[in-house]
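Read through the structure below, which is laid out as structure tokens, and then see the notes.
Nothing here was measured: the structure is a model prediction, and the numbers come from that model. Naming convention: chains lettered A, B, ... in sequence-line order (proteins, then strands); numbering from 1 in each chain.
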There are 2 protein chains.
Amino acid sequence: MSQHRHPGAPGRAGAVPALPDLPEATVARLPEYLRALHNLADAGHETVSSEGLANAAGVNSAKLRKDLSHLGSYGTRGVGYDVALLIEQIESVLGLTQCRSVALVGVGNLGHALAGYDGFASRGFRIAALFDADPARVGEEINGLVVRHVDELPRVAAEQLISIGVIATPASAAQAVADQLVAVGVTSILNFAPCVLSVPEGVDMRKVDLAIELQILSFHEHRKASLTALPGTAGSALTALPGGLAATDTQEAIGT
Amino acid sequence: MSQHRHPGAPGRAGAVPALPDLPEATVARLPEYLRALHNLADAGHETVSSEGLANAAGVNSAKLRKDLSHLGSYGTRGVGYDVALLIEQIESVLGLTQCRSVALVGVGNLGHALAGYDGFASRGFRIAALFDADPARVGEEINGLVVRHVDELPRVAAEQLISIGVIATPASAAQAVADQLVAVGVTSILNFAPCVLSVPEGVDMRKVDLAIELQILSFHEHRKASLTALPGTAGSALTALPGGLAATDTQEAIGT
DNA sequence: AGGCGCTTGTGAAGACGTGCACAAATCGCG
DNA sequence: CGCGATTTGTGCACGTCTTCACAAGCGCCT
Ligand SMILES: NC(=O)c1ccc[n+]([C@@H]2O[C@H](COP(=O)([O-])OP(=O)(O)OC[C@H]3O[C@@H](n4cnc5c(N)ncnc54)[C@H](O)[C@@H]3O)[C@@H](O)[C@H]2O)c1
Ligand SMILES: NC(=O)c1ccc[n+]([C@@H]2O[C@H](COP(=O)([O-])OP(=O)(O)OC[C@H]3O[C@@H](n4cnc5c(N)ncnc54)[C@H](O)[C@@H]3O)[C@@H](O)[C@H]2O)c1
């Protein structure tokens with residue numbers, strides 16, 4: 001992945017924050033830290049050690065410290081990190097201090113679930129508009145939002161600034177929708193359709209593909225099966241645990 | 001990620017296939033190649049060059065060749081790869097030659113969408129059972145499958161071999177559900193709940209988290225905004241493309 | 001048969017990510 | 001005031017992944 005290293009960009013940011021050019025792997029973990037921190041805050045913790053937070057987020061403590069050090073975070077040696085302060089810092093870095101508007105295109109099977117999901121608002125994202133191409137769906141109201149025809153996208157985008165576009169149409173329509181989103185100035189897209197999309201430089205694309213996840217799991221399942229076929233050691237994977245308690249130390253396969 | 005290198009395991013597999021211990025990054029891309037290959041096959045192509053397939057899958061051609069070389073694939077120099085043969089090879093490596101049964105736990109907002117999704121069957125996965133804890137949902141029929149109470153999991157799992165468990169419950173119930181799945185012998189789990197789950201060694205866990213994807217996009221959006229604030233060069237990201245055609249060469253940010 | 005163009009497979013180098021291990025810093029307590 | 005317990009921040013080494021560049025192989029055309 002050679003992306004996100006925009007070539008001619010000078011290392012300095014505009015005004016106050018002085019963005020320190022975080023490693024992509026770190027960025028991908030910050031949201032997990034953030035969720036763990038919110039849980040800790042709700043539980044009444046004022047501070048947390050790197051070990052504690054790492055456990056709560058399911059990562060190595062050294063990795064966590066390095067990640068936080070990248071954003072110049074201030075922990076106190078011998079004590080740990082101030083939970084509230086760290087939440088503030090991470091939210092600031094992730095750009096979550098302002099509420100971001102999301103446009104959802106394709107209100108079918110999956111689109112309905114997404115439109116009704118409350119996990120958006122709780123993290124500072126607001127579904128600003130719903131679009132579909134099917135006249136039968138246009139006008140339907142979901143969660144207080146009316147489904148509009150996708151042709152109205154330019155007009156709606158002109159009214160309110162759309163931060164992120166979400167594509168939940170069939171794969172055959174996804175590229176066209178992406179082009180439309182880009183045309184109205186959307187520079188971040190999350191795609192649920194199982195296909196590759198081309199977008200111009202400067203537009204960020206992320207993809208969620210259920211089938212791929214299942215196939216990766218299938219591979220490991222296949223591999224485990226052919227390993228238990230004959231080796232003398234360890235066939236314990238198939239036996240259930242004694243109690244219902246899972247071991248708290250292991251966590252496997254987070255390809256992300 | 002130190003996972004998937006099971007320590008004591010000898011390098012040799014059981015019988016025929018001689019699994020060559022693929023790099024994890026390669027495994028994650030094989031499903032994409034597979035989809036691209038199916039598209040090519042449907043379009044009537046008999047062979048494809050690494051360049052052509054790489055384009056269709058949205059990756060670098062050198063990377064694609066190295067990936068395929070890992071599974072000992074036989075392309076022909078000067079010609080390319082036999083599409084049908086390559087499909088067969090990849091499906092065999094991914095363990096897709098046998099149909100895998102999936103158990104879905106949590107038939108709520110998201111669970112309904114998943115249960116009604118036809119992208120499962122088309123890739124060799126079969127939803128074998130639906131479970132929920134809410135008595136009001138038990139008995140409901142979705143897509144020809146009856147929702148059962150989650151307490152019946154052991155009995156159902158004994159009847160049919162479950163390959164993969166999918167968790168679509170609220171986060172508060174996810175760990176308990178994971179424990180139950182592990183207890184009945186499931187060794188691969190796909191989790192949609194926004195939380196970290198502990199599973200014993202030998203069980204593979206993958207996670208799909210919408211909120212994390214949005215927050216990563218938010219970060220890049222934030223970064224782009226503070227870059228366009230003052231630098232003299234390149235403010236072209238905001239201007240729409242000339243036609244509706246997207247450039248075919250760039251693709252950004254696939255953290256997966 | 002021979003040459004030519006095209007494509008694969010891979011060695012090597014570099015970029016990136018991870019985790020250990022330890023010095024430096026801070027707090028609390030005697 | 002000093003000391004020990006604790007925890008952060010990071011230098012360093014290692015493994016993984018990516019990309020370039022090119023020799024070797026294949027088919028086709030003359
Ligand atoms: N349902 C799932 O659980 C699931 C899971 C993973 C991925 N997906 C993928 O998500 C996408 C949507 O899945 P779904 O099950 O909701 O399909 P669906 O057919 O139920 O919904 C698709 C919706 O998109 C609309 N649409 C079609 N063309 C459009 C266009 N050009 N502009 C705007 N809207 C348009 C249709 O009218 C329809 O309402 C598919 O690509 C699917 O492969 C679905
Ligand atoms: N809806 C979305 O678009 C979306 C997107 C991303 C992630 N998620 C996550 O997916 C999960 C499900 O979301 P949802 O919108 O479908 O929620 P939901 O509340 O609509 O559905 C949850 C279902 O799980 C069932 N359930 C609760 N405890 C259970 C248990 N112990 N065993 C079995 N079933 C149990 C409930 O009865 C309910 O039917 C949540 O964790 C959510 O954060 C949802």
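Residues satisfying the ring-ring contact (aromatic ring centres under 6.0 Å, His included) test with B/Y117, not counting sequence neighbours, are B/F120. Residues forming a side-chain hydrogen bond (donor to acceptor under 3.5 Å, both in side chains) with A/N191 (at least two apart in sequence, or on another chain): none. Every side chain to side chain contact (heavy atoms under 4.5 Å, CB included) that A/S188 has, sequence neighbours left out, goes to A/I164, A/D204, B/L217, B/E221, B/K224. Judged as a salt bridge (Lys or Arg N to Asp or Glu O under 4.0 Å), and not counting sequence neighbours, B/E91 has no contacts. Partners of B/S49 under the side-chain hydrogen bond (donor to acceptor under 3.5 Å, both in side chains) rule, at least two apart in sequence or in another chain, do not exist in this structure. Not counting sequence neighbours, the partners of B/V208 by the side chain to side chain contact (heavy atoms under 4.5 Å, CB included) test are A/V208, A/E213, B/L190, B/F192. Evaluation of the side chain to side chain contact (heavy atoms under 4.5 Å, CB included) rule for B/T169 yields B/V105, B/I167, B/A173, B/A174, B/V177 as partners, not counting sequence neighbours. Residues passing the side chain to side chain contact (heavy atoms under 4.5 Å, CB included) test with B/A41 are B/V83, B/I87, sequence neighbours excluded.
Following rounding to the nearest Å, B/N60 (CG) and C/dT8 (P) show an atom-to-atom distance of 13 Å. With rounding to whole Å, B/E24 atom CD is found 8 Å from D/dC17 atom P.
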Below 3.5 Å is the cut-off: list the nitrogen or oxygen pairs between protein and nucleotides 10-12 of chain D, distance only.
from, atom 1, to, atom 2, distance (Å)
D/dG11, O6, A/K66, NZ, 3.2
D/dC12, N4, A/K66, NZ, 3.3

Using nucleotides 28-30 of chain D, report all nitrogen or oxygen pairs with the protein that are shorter than 3.5 Å.
none

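Nearest-nucleotide positions on DNA chain D for A/Y74 and B/A25 put A/Y74 closer to the 5' end.
Of all the residues in residues 35-51 of chain A, A/S49, A/S50 reach under 4.0 Å from DNA chain D with at least one non-hydrogen atom.
Counting only residues at least two apart or in different chains, salt bridge (Lys or Arg N to Asp or Glu O under 4.0 Å) contacts with residues 33-53 of chain B comprise A/D209-B/R35, B/E32-B/R35.
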